[in-house]
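A short write-up of the structure that comes next.
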Amino acid sequence: MRHSMRLCGGDQDWAQDLVQDALIAGFSELRAGRLELERNVKSWLLQVITNRFINQYNRNKKWTAERRVEDVEAEQAEQPLSAKIEAPDATVTASLEDPILLALSDLQEDQRACVLMVDVQDMSYIEAAEVLKVPVGTVRSRLARGRLKLYSLLLPYAKSRRYVS
Amino acid sequence: MSALFNNYPVGAPPELHPCEHMITLVSRRSDDSLRGPAKWYTDFHVMTCTNCREALAGLRALRLEIKSIEGETVHATLKLSDQRWQQVRDQMQQSD
């Protein structure tokens, strides 16, 4: 992952896609008996990641190496849990609106759009990508992070309401 | 709405900390959009990784909860920007 992040100049989504592709390719090779565990699997994976990065870079002519990891992390900094959910006097607000809707409103807009389209509207990843005019991989990534964020926003609320122990 | 995480399989839902490189794969597995080697790999990983197994169960439960808001007044409540909603409407009209 570190190698991939460096290659992608801190573009976390791109780096994750590369690592996933490499691991899936490795798993396929292993299942097909074309990759032996005696070989240096780590080197093989790093090679696959690097090759795929070069291919994608050449294809997209997209160079983001000047982006610093710190900048990307700052962009993705999580917003604080909505006070509307956790504040002691929030019961009024919470009773007026569904907590899921409140939590959704705390997501970054890009993530929220993906969650709404795929999970609520039952759109496919491809349809969502077409609507948002972004690559399918970006939809997958935003959706995954949006779902995790949503879960983490809702968990304290669920516990406070003693829905869970 | 239904009680949050009532759909969680067993016990109280934990914090989710899937492996960094598995985040999108686990998410896609939760909505059954994975196919082929990616699905096999994810299933294999989830079998051996407690964190990712918990994440998969949690995300599946979450998806069921999210479905419960279907039909509610999403537009008015969620405050997507006007530009984004216009984008969605334009694309919907084109696909019609």
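Just so it is clear, the values below take in all heavy atoms, side chains as well, and ignore hydrogens, waters and symmetry mates.
Within residues 35-43 of chain B, the residues having any heavy atom less than 4.5 Å from a heavy atom of chain A are, in residue-number order, B:Pro37, B:Ala38, B:Trp40, B:Tyr41.
For B:Glu20, the salt bridge (Lys or Arg N to Asp or Glu O under 4.0 Å) partners two or more places apart in sequence, or in a different chain, are A:Arg145. Not counting sequence neighbours, the partners of A:Arg147 by the salt bridge (Lys or Arg N to Asp or Glu O under 4.0 Å) test are A:Asp119, B:Asp31. Residues forming a side-chain hydrogen bond (donor to acceptor under 3.5 Å, both in side chains) with A:Gln111 (at least two apart in sequence, or on another chain): none.
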task = Run the numbers on A:Ile24 and B:Leu25 for side chain to side chain contact (heavy atoms under 4.5 Å, CB included), then give the verdict.
result = CA-CA 10 Å; A:Ile24 290 166; B:Leu25 289 175; 4.0 Å; yes
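The aromatic rings of A:Phe27 and B:Phe44 sit tilted, their planes meeting at an angle between 30° and 60°.
Of the two parts of B:Arg28, the backbone and the side chain both hold a non-hydrogen atom closer than 4.5 Å to a non-hydrogen atom of chain A.
The closest side-chain donor-acceptor pair between B:Thr24 and A:Gln20 falls under 3.5 angstrom.
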